[in-house]
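All chains are named by letter (A, B, ...) in the order of the sequence lines, taking the proteins before the strands, and each is independently numbered beginning at 1.
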There are 2 protein chains.
Amino acid sequence: MRRDVFQAIADPTRRAILLLLASQAMTPNAIAEHFDSTRQAVSKHLKILIECELLHSKQEGREIFYEIEAKKLNEIDKYLEQVKKIWERRFNQLDDVLKTLKSPHKK
Amino acid sequence: MRRDVFQAIADPTRRAILLLLASQAMTPNAIAEHFDSTRQAVSKHLKILIECELLHSKQEGREIFYEIEAKKLNEIDKYLEQVKKIWERRFNQLDDVLKTLKSPHKK
DNA sequence: TATATATGCAACTATTTGGTTTCGCAAAAT
DNA sequence: ATTTTGCGAAACCAAATAGTTGCATATATA
């Protein structure tokens, strides 16, 4: 069972849940009220988000509050940065080539 | 068929393809050599990445080069920023509450 | 022209996914 | 003490996904 941060945010409902929990911790029932799907469906998403450490839960009586673990999102940032870095380097090298072409031949 | 940037980067092979193409445009065969899977499997990933506009292709004779469309990754950035913004605002508000508690009662 | 190469496309399959319904349990409310 | 509420877990289902194999087509090359 593949389970990483990227797979976690692939689902639009899970992205919405994260956005919702960014402002405050909530119970499954409260979260489910914001969506068309049932509490059980939402609970499945919560489970996945927990597994990816994007959420953690704290029990209060019979209620369970789910809270976002925002720093875990940095893993995605890291990947994006990596791609962009390589992408930019590519043009820097192109710049070098252009500079070399402009400068007088050395050989 | 759901098809957005988030779903596109959910697959580790597709993430690796993007990383590979960040440095240079490549043909399906050349890309496939970097992975265990067949050319056809890779081609399917390429098709998905094209649909999400993370890639575009340019034909050169019988070869087709796939090139990354790096700016499309910003959509992911945007979402992450949104979550982080809300998340941070939460603590700023908490700060306000603490300040209010410290300051003398006004009522 | 005949052959090899590079590729896309369609059919098929196993697995995963998102969802529902049903159940059981523990905490609160009556 | 009984009922209601909030929850997770399991069984089940339809759809989507990632992969395979087997084509068809166009462009090089001999």
Among the nucleotides dG8(C), dG19(C), dC7(D), whichever has the atom closest to the side chain of Thr27(A) is dC7(D)

Ala8(A) backbone acceptor or donor facing Arg14(A) side chain under 3.5 Å: yes

Return the value, rounded to whole Å, for the distance between atom CG of Leu49(A) and atom P of dT17(C). 13 Å

Provide, to the nearest angstrom, the distance between the CD atom belonging to Glu33(A) and the P atom belonging to dC7(D). 10 Å

Confirm from the modelled atom types if Arg39(A) and dG8(D) form a donor-acceptor pair under 3.5 Å, side chain to base only. yes

Measure CZ/Phe35(B) against P/dA18(D) and give the value in whole Å, please. 14 Å

For Tyr79(A) and Arg15(B), indicate whether the former's side chain and the latter's backbone hold a donor-acceptor pair under 3.5 Å. yes

Measure from CG on Asp11(A) to P on dG18(C) and round the result to the nearest Å. 5 Å

Once hydrogens and angles are ignored, does a donor-acceptor distance under 3.5 Å link the base of dG22(D) to the side chain of Gln40(B)? yes

Candidate nucleotides dT7(C), dG6(D), dG8(D), ranked by approach to the side chain of Tyr66(A) - the nearest: dG8(D)

Once hydrogens and angles are ignored, does a donor-acceptor distance under 3.5 Å link the base of dG19(C) to the side chain of Lys44(A)? yes

DNA chain C nearest-nucleotide lookup for Thr13(A) and Glu60(A): closer to the 5′ end is Thr13(A)

Are any of Arg3(A)'s side-chain N or O atoms less than 4.0 Å away from OP1 or OP2 of dT16(C)? no

Ser43(B) side-chain N/O to dG8(C) phosphate OP1/OP2 under 4.0 Å: yes

Would you call Asp11(A) and Lys44(A) a salt bridge, using N to O less than 4.0 angstrom? no

Phosphate oxygens OP1/OP2 of dC7(D): is one of them under 4.0 Å from a side-chain N or O of Asn29(A)? yes

Taking N and O atoms by type only, does the side chain of Arg62(A) place a donor or acceptor under 3.5 Å from a partner on the base of dT5(D)? yes

Across the strands shown, which category fits Ile48(B) at heavy-atom distances under 4.0 angstrom: base, sugar-phosphate, nothing? sugar-phosphate

Whole angstrom is fine here: how far is it from CD in Gln59(B) over to C1' in dT5(C)? 14 Å

Could you check Leu55(A) against Leu18(A) for side chain to side chain contact (heavy atoms under 4.5 Å, CB included), going step by step and ending with a plain yes or no? CA-CA 8 Å; Leu55(A) 297 183; Leu18(A) 286 179; 3.9 Å; yes

Any side-chain N or O of His45(B) below 4.0 angstrom from OP1/OP2 of dG19(D)? yes

Which whole-number value in Å describes the distance from Ile64(A) CD1 to dT5(D) P? 18 Å

From CG of Leu55(B) across to C1' of dT7(C) the rounded distance in Å is 16 Å

Give the rounded distance in Å between these two atoms: CD of Glu51(A) and P of dG18(C). 12 Å

So Phe35(B) and Leu20(B), side chain to side chain contact (heavy atoms under 4.5 Å, CB included) or not? Walk me through it. CA-CA 11 Å; Phe35(B) 301 95; Leu20(B) 199 60; 4.3 Å; yes

